[in-house]
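To start, the structure under review is shown below, and the notes come after it.
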Amino acid sequence: MKTRLDHAETESVQAIVPSAARTHSVLNGHLTSTISLEAIRQALRGAIHYLRDRQQPDGHWVAELEGDTILESEYILLLQFLGKNDPEKFRKLANYIRSKQHPEGYWAIYPGGPPEVSASVKAYFACKLAGFSESEPFMIRARRAILSLGGVTHCNTFTKLYLSIFGQYDWYGVPVIPPELILMPKWFYFNIYEMSSWSRAILVPLSVINALRPYRPIPAHATIDELFVGGKSRKRMRLPWDSRPLTWRNVFLIVDKILKLYHASPIKPFRKLALQRCLQWLLEREENSGGLGAIFPAMTHAIMAYKCMGLPDDHPAIQKELQELAAFEIEEGDTIRLQPCVSPVWDTAISLNALLDSGYPPESEEIRKAAEWLLSKQTRKKGDWAVKVRNVEPGGWYFENENEFYPDVDDTIMVLMALYKTYCHDGRPWTEAPPEVREAMRKGLNWVFAMQNRDGGWASFDKDNNRILFQYVPYADHNAMLDPSSADITARVLEMCSYYGIGKTDPRVKRAIAYLYKEQEEDGSWFGRWGVNYLYGTWQVLRGLSRIGEDMRSERIQRAVRWLHSVQNEDGGWGESCQSYEPGHPKATGPSTPSQTAWALMGLFNAGDLSSCAVQRGIEYLLKNQTDDGTWLEEWFTGTGFPRVFYLRYHFYRHYFPLWALAQYHRFVTGEPAYTPELAQPSTDRFANLEV
């Protein structure tokens, strides 16, 4: 089957590749192409079959979402808090934690990462609760590593709060998170709706725990006094002040001292009301959700908060949260690991985009079922976003199976692109889609544009969520208090606009383009908020600007092309470590990965580079590293939760991004999609036509 390229992509092909002829000559440092298109088609055949075989019966796709061992550690702590000490489950969770320990004794928050003291302390404590003695060789190595990192007092606030619940830290050393915050009016500078959605969902239950300060005794063998450098003392647990007297941190530490006096006072006129409001707020967000925020930290904190407020174990809210958490468990061999959440809407939308760009028939049962499943996931009630975005009907999509209160812009625009390609594949305007699809598209578009920030960009969950002072409050050391505009999401909005007939003359698009150019780094790259890191941001911006019709021959665009060329690895691939989020760390350094190689290639394709040596070597990297069953292998984390705090390994990133890149290359070079009826048949020899 051959599907006509839409107008924007046709113009790009004509401008960049005057003809589809390919030779092996070298001209001005560019190889016109030594990549056989048959090899591309064979690779796509295997990748399409792999993805098609993993579609769920109801039409969606979902793969494992992997985080670090903080998940397993906190799960043990939650079960201990609830008195559900299952020795066998604890042992299997601890086995998984142990499997991720570095030979030098510490735990990192991503493969190949540096020591992380909070993750290491939680892992050590969890292993003790699971019955391991401090004299075990692996525990001795862990203790030595933790002490070298400064010990327990160098952990973040959330870790200290957990430890205080079990008597292993002093509440005096934990910043106060007053539940009265929930009573603050929405016009007040510090109110919960000026926090990022994930911080809000985490901090509301934490404020209850902080106010009621539960205590759960633990066995004597499980204490961790040995992890305090110089011994355990209240003095060492005090919050450290900045050396400079006039800083926002010191101002907030003074406020924290006042709040501690308020907490100690027998007279707290608003405490009872605040706790009642917190409970009401939490219970409201249980409805139509896969647990509070549908994310692991918020769900565990909610359970603890419910128990602190006297809800019985068999209360429906507690039971629901526990059931949702149990669904995150993955038991394999003698281990149990946890997912931080699940990603079916995201995985399905990207899979659809990749398949449809390869030319997979939009009228096929696989595509139809996936699109119908996505349509069923559109939000139908207002969530937290509506506090700032009034008089707009719901229309966004969320990330998980169910999360009605927290749709996000990124999922919404990825779904909108998939729906357009499914129902308007012949180039029709979206207004001619079937009525029910057209209505879903209309609501989605209206919602996305209502979420545009004042700076012209888009964030993920909230609008104008950028009050910098929140980053200085003492309990903000998880580095994720805000949800400001990001280049990657803003550029993807432009990509989506190109399919829906919204062009460069639209004032909203003009503001978005201006925002993107303002965010470009001096070397030509763009920061990536939701993927690691500059490779992700740069790819998406180049794609968005190309689709919306910017001049891709301009100097600022070609500067990005030169940057991508400069960071290519010797093996032809691209890679970037999560450490690139650390200040001063080099960009785009790390082992090559299939997902990041695909991002770099798609950035180059959309910038007009289809024939350079860098592109040829990048495609060869993908072709050579495809496995016999049609996929790619990738052990590194290339997804971002919170920069410098939490990273992710999406187990489908290694697959649908290379598939998407190869499909785009074929379209750009030939003007036609790669899929033909022959591609529906299993491949016998994927490498028969690879010319290297």
Side-chain angles (χ1 to χ4, degrees), residues 64-80 86-156 158-160 162-163 166 168 218 221-229 296-297 300 328-340 577-579 582 590-591 634-637 639 641 644-649 651:
E64 181 180 348
L65 186 58
E66 181 181 345
D68 61 65
T69 58
I70 287 176
L71 300 167
E72 291 74 31
S73 299
E74 290 187 358
Y75 199 42
I76 288 177
L77 298 182
L78 171 66
L79 296 175
Q80 181 73 31
D86 180 340
E88 183 65 6
K89 176 169 280 192
F90 276 26
R91 184 183 66 81
K92 290 186 175 183
L93 287 163
N95 282 348
Y96 182 77
I97 293 170
R98 290 184 62 186
S99 73
K100 298 299 179 180
Q101 186 182 26
H102 191 274
E104 293 183 11
Y106 62 82
W107 280 264
I109 57 175
Y110 57 88
E116 213 289 320
V117 64
S118 295
S120 299
V121 168
K122 283 182 181 175
Y124 184 96
F125 187 33
C127 285
K128 271 204 153 185
L129 289 171
F132 289 99
S133 164
E134 64 187 74
S135 61
E136 296 268 1
F138 84 93
M139 294 289 276
I140 293 172
R141 294 196 306 274
R143 183 165 63 252
R144 187 182 302 123
I146 290 167
L147 292 173
S148 72
L149 295 170
V152 176
T153 57
H154 283 234
C155 290
N156 61 31
F158 293 172
T159 303
K160 292 174 181 176
Y162 267 103
L163 296 177
F166 299 101
Q168 301 308 294
I218 60 172
H221 69 79
T223 61
I224 58 169
D225 291 0
E226 66 271 17
L227 298 185
F228 287 82
V229 175
F296 177 92
T300 57
F328 290 164
E329 295 182 19
I330 298 176
E331 187 165 358
E332 190 172 75
D334 206 29
T335 67
I336 295 176
R337 63 185 183 272
L338 274 291
Q339 298 183 88
S577 165
C578 303
Q579 206 161 356
E582 298 295 333
E634 184 170 288
E635 62 179 301
W636 306 103
F637 283 26
R644 304 175 63 189
V645 175
F646 188 69
Y647 299 101
L648 297 161
R649 179 185 171 207
H651 282 218

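Numbers for residues simply follow the sequence, beginning at 1.
Rounded to the nearest 0.5 angstrom, Leu65 CG and Leu648 CG are separated by 5.0 Å. How far OH of Tyr124 is from CD of Gln101: 11.0 Å, rounded to the nearest 0.5 Å. Distance check, rounded to the nearest 0.5 Å: CD1 of Ile109 to CD of Glu116 gives 5.5 Å. Rounding to the nearest 0.5 Å gives a distance of 9.5 Å between NE2 of His221 and OG of Ser133. Of the inter-residue distances, the one linking His154 atom NE2 with Ser120 atom OG reads 13.5 Å to the nearest 0.5 angstrom. To the nearest 0.5 Å, atom OG of residue Ser118 and atom OH of residue Tyr162 are 12.5 Å apart.
Salt-bridge formation is detected for the pair Lys92/Glu331: a Lys NZ or Arg NE/NH1/NH2 atom is positioned less than 4.0 Å from an Asp or Glu carboxylate oxygen. Classification of Arg91 and Asp334 as a salt-bridged pair holds, one side-chain N sitting under 4.0 Å from a carboxylate O.
Residues Leu77 and Leu129 are in side-chain contact: their nearest non-hydrogen atoms beyond the backbone lie under 4.5 Å apart. Counting heavy atoms from C-beta outward, Trp636 and Cys578 have side chains that stay 4.5 Å or more apart. For the pair Ile218/Phe125, a side-chain contact is recorded, criterion being any heavy-atom separation below 4.5 Å from C-beta on. The shortest distance between side-chain heavy atoms of Leu163 and Val152 falls below 4.5 Å.
Residues Ile336 and Lys89 come closest through the heavy atom pair CD1-CG, 4.1 Å. Considering all non-hydrogen atoms of both residues, Cys155 and Val117 come closest at SG-O, 4.0 Å. Annotation for Phe637 and Asp68: closest pair CE2-N, 4.5 Å, computed over non-hydrogen atoms. Closest heavy-atom contact between Pro114 and Tyr106: C-CE1, 4.0 Å. Closest approach of Gly105 to Ala145, counting heavy atoms only: C-CB, 3.9 Å. The heavy-atom pair separating Trp107 from Ala142 by the smallest distance is CZ3-CB, 3.6 Å.
Remark: side-chain polar atoms of Ser73 are paired, donor with acceptor, to backbone N or O of Thr69 under 3.5 angstrom.
Among residue pairs with one or both ends in residues 139-152, none qualify as salt bridge (Lys or Arg N to Asp or Glu O under 4.0 Å); sequence neighbours excluded. Among pairs with a residue in residues 122-132, those fulfilling salt bridge (Lys or Arg N to Asp or Glu O under 4.0 Å) read Glu74-Lys122, Lys128-Glu134, Lys128-Glu226, at least two apart in sequence or across chains.
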Tell me, with the steps shown, if Glu329 and Tyr75 meet side chain to side chain donor-acceptor pair (under 3.5 Å).
-> CA-CA 10 Å; Glu329 295 182 19; Tyr75 199 42; 2.6 Å; yes
Any chance you could lay out the side chain to side chain contact (heavy atoms under 4.5 Å, CB included) test for Ile97 and Ile76, step after step, and finish with the verdict?
-> CA-CA 11 Å; Ile97 293 170; Ile76 288 177; 4.2 Å; yes
Could you walk me through whether Leu93 and Leu338 pass side chain to side chain contact (heavy atoms under 4.5 Å, CB included), step by step?
-> CA-CA 9 Å; Leu93 287 163; Leu338 274 291; 3.7 Å; yes
Does the pair Ile224 and Phe166 meet the rule for a side chain to side chain contact (heavy atoms under 4.5 Å, CB included), with working shown?
-> CA-CA 10 Å; Ile224 58 169; Phe166 299 101; over 6 Å; no
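Partners of His651 under the side-chain contact (heavy atoms from CB on, under 4.5 Å) rule, at least two apart in sequence or in another chain, are Ala63, Glu64, Glu66, Arg649.
Aromatic pair Phe132/Phe138: ring centres closer than 6.0 Å. For Tyr110 and Tyr647, the distance between ring centers is under 6.0 angstrom.
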